[in-house]
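This report concerns only the one structure given below.
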Amino acid sequence: TAHDVSGHCRFFIPEMDDGSRRRLDLDTALRRALEREEFTLHYQPQVGLASGRVVGAEALLRWQRPGHGQIAPNHFIALLEDSGLIGPVGEWVLHEACRAARRWLDAGLPPLRIAVNVSARQFRDHDIRGLVRRALDATGLEPQRLELELTESAVLRDADKVIRTMHELNDDGLSHALDDFGTGYSSLSYLQRLPVARIKIDRSFVSHITSNPGDAAIARAVVGMAHSLGLSVIAEGVETEGQLGFLNGIGCEEIQGYYFSRPLPENEFVALLREGRCI
Ligand code: C2E
Ligand code: CA
Ligand code: CA
Ligand code: CA
């Protein structure tokens, strides 16, 4: 049995090594990904319900990892944050999103809002205001075209500092959207303090909006509350005509989701814009 135990140990230890090695490999691969230009952005249309037309695009990060295909951000954003790589990668995202919006304008496409996700870490540890200024200056994009998406939890982590920075960014002319709304713990009075133009109703409510009266009630209340505070509402994760109809009925201004389009590579997104497709 002593033999069994040692056999077990021999088996167990290399397996642990594999796990940490994989993480290390991923970390090394991520470090190289930027210089090797393996990151790309996909764009998901945001559609205005009054016009039925595309009014904005959310930029979503993708990693084309050689030998691994395309990797979604949920698999590596946390690692980027832990390693501090979110700084340079976030800077690349912001520049690339602004460059893309600029290309679309130069191609004569109707002006859109471009929404970029920023994490808590980016807001706290990096000079986000300087970063935004440089991206806008480099591309000549008007600040009014740019919106930053922040989650409730990102804001809550260091509320006073984040809110101050959000005000400064508003002074520079850009706007903010509160992402994943409803999944955090914001109180009404707190929401009132946040300088956001828009609230994004989280997909977890939207998914069951036509079948779960509780989720329907929450969505209705969020829209009512947002409007009474002068904020606009966009629903994310809209997949069905039923969900669209319900959201339209409660006065939600915009929708985003597979019902209209998945996030697309830039060429496909531009093709969709050219078609002038409506809801
Ligand atoms: P998010 O900001 O909540 O983005 C929405 C996510 O829902 C995206 O996943 C999008 O592809 C997906 N989605 C959109 N419509 C639908 C739908 O109708 N049904 C379903 N089931 N899903 C839908 P994605 O692209 O995998 O991004 C995941 C998260 O990664 C994002 O969540 C965001 O928090 C983060 N992320 C993405 N790009 C960046 C970035 O450049 N910087 C930072 N800091 N975070 C990013
Ligand atoms: Ca988002
Ligand atoms: Ca979201
Ligand atoms: Ca979400």
Side-chain angles (χ1 to χ4, degrees), residues 30-46 54-63 73 77 80-81 83-151 154-155 158 160-179 194-198 200 232 234 254 263-267 269-270 273:
L30 275 170
R31 274 178 202 288
R32 292 179 185 146
L34 199 54
E35 60 196 58
R36 294 184 180 178
E37 300 182 5
E38 292 167 7
F39 289 117
T40 172
L41 294 181
H42 282 190
Y43 300 93
Q44 188 173 36
Q46 301 181 323
V54 178
V55 293
E58 180 176 5
L60 293 156
L61 186 59
R62 299 287 180 268
W63 179 20
I77 292 282
L80 289 178
E81 296 207 353
S83 62
L85 282 170
I86 194 71
V89 174
E91 180 165 11
W92 177 83
V93 169
L94 200 55
H95 275 258
E96 181 55 23
C98 291
R99 271 196 299 267
R102 184 72 240 176
R103 282 193 287 271
W104 307 337
L105 281 173
D106 292 346
L109 292 160
L112 299 182
R113 187 178 69 223
I114 181 91
V116 175
N117 292 284
V118 284
S119 65
R121 185 79 192 259
Q122 279 173 278
F123 234 83
R124 263 186 306 136
D125 304 352
H126 300 272
D127 170 26
I128 183 92
R129 198 182 185 190
L131 202 78
V132 164
R133 277 209 182 128
R134 286 193 297 279
L136 293 171
D137 284 350
T139 55
L141 191 72
E142 292 171 356
Q144 287 72 20
R145 297 272 151 239
L146 180 62
E147 185 155 282
L148 302 183
E149 295 197 357
L150 286 119
T151 62
V155 178
D158 191 357
D160 289 338
K161 178 160 185 243
V162 170
I163 290 172
R164 216 178 314 122
T165 307
M166 288 169 84
H167 276 293
E168 291 171 358
L169 288 162
N170 283 351
D171 291 344
D172 292 341
L174 50 134
S175 59
H176 298 93
L178 196 57
D179 209 347
L194 297 184
V196 296
R198 205 177 323 283
K200 293 192 85 170
S232 181
I234 178 165
E254 294 175 21
L264 301 170
E266 186 175 354
N267 60 338
F269 179 75
V270 167
L273 286 182

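Everything quoted here is computed from the prediction, not taken from an experiment.
Side chains of Leu169 and His176 form a contact here, defined as non-hydrogen atoms less than 4.5 Å apart. Between Arg103 and Glu266, some side-chain heavy-atom pair lies under the 4.5 Å cut-off. You'll find the side chain of Phe39 stays beyond 4.5 Å of the side chain of Val93, heavy atoms only. Here the side chains of Leu136 and Pro143 are in contact, with some heavy-atom distance below 4.5 Å. Side-chain contact check for Leu112 versus Val55: every heavy-atom pair is 4.5 Å or farther apart. A heavy-atom distance below 4.5 Å is not found between the side chains of Arg62 and Pro265. Side-chain contact between Glu58 and Asn117: present, with at least one pair of heavy atoms (C-beta onward) separated by less than 4.5 Å. The shortest side-chain heavy-atom distance between Phe269 and Leu41 does not fall under the 4.5 Å cut-off.
The shortest heavy-atom contact between Pro195 and Met166 is CG-CB, 3.5 Å. Of all heavy-atom pairs spanning Thr139 and His95, the tightest one is CG2-O, 4.2 Å. When all heavy atoms of Pro88 and Gly84 are compared, the closest pair comes out as CD-O, 3.7 Å. Among all heavy-atom pairs drawn from His126 and Ile86, the shortest one is NE2-CG2, 4.4 Å. Nearest heavy atoms, Leu80 versus Ser83: O-OG, 3.3 Å.
Here CZ of Arg99 is found 13.0 Å from CG of Asp106. Values are rounded to the nearest 0.5 Å. To the nearest 0.5 Å, atoms CG (Leu150) and CG (Leu178) are separated by 7.5 Å. Put simply, CH2 on Trp92 and CD on Glu35 are 14.0 Å apart, with the number rounded to the nearest 0.5 Å. The distance from the CG atom of Asp172 to the CZ atom of Arg133 is 4.5 Å, given to the nearest 0.5 Å. Interatomic distance, Arg121 CZ to Leu85 CG, rounded to the nearest 0.5 Å: 10.0 Å. Atoms CG and CG, from Leu148 and Asn170 in turn, are 9.0 Å apart once rounded to the nearest 0.5 Å.
In this structure, Lys161 contributes its side chain and Arg124 its backbone to a donor-acceptor pair below 3.5 Å. A donor-acceptor pair under 3.5 Å is formed between the side chain of Gln122 and the backbone N or O of Ser119. Put simply, the side chain of Arg102 gets close to the backbone of Gly140: a donor and an acceptor are under 3.5 Å apart.
With Val116 as the fixed residue, the side-chain contact (heavy atoms from CB on, under 4.5 Å) test singles out one of Leu60, Leu94, Leu61: Leu94. No option in Glu147, Arg113, Glu254 other than Arg113 meets the side-chain hydrogen bond (donor to acceptor under 3.5 Å, both in side chains) test with Gln46.
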Using the rule given for side-chain contact (heavy atoms from CB on, under 4.5 Å), can you reason through Leu141 versus Ile114, listing the C-alpha separation, both sets of side-chain angles and the distance that settles it, and then say yes or no?
CA-CA 10 Å; Leu141 191 72; Ile114 181 91; 4.0 Å; yes

Given side-chain contact (heavy atoms from CB on, under 4.5 Å), test Val132 with Leu146 step by step and report yes or no.
CA-CA 9 Å; Val132 164; Leu146 180 62; 4.0 Å; yes

What do the steps show when you test Trp63 against Leu30 for side-chain contact (heavy atoms from CB on, under 4.5 Å), and what is the final call?
CA-CA 9 Å; Trp63 179 20; Leu30 275 170; 3.6 Å; yes

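Relative ring orientation between Tyr43 and Trp104 is described as perpendicular, the plane-to-plane angle rising above 60° on a 0-90° scale split at 30° and 60°.
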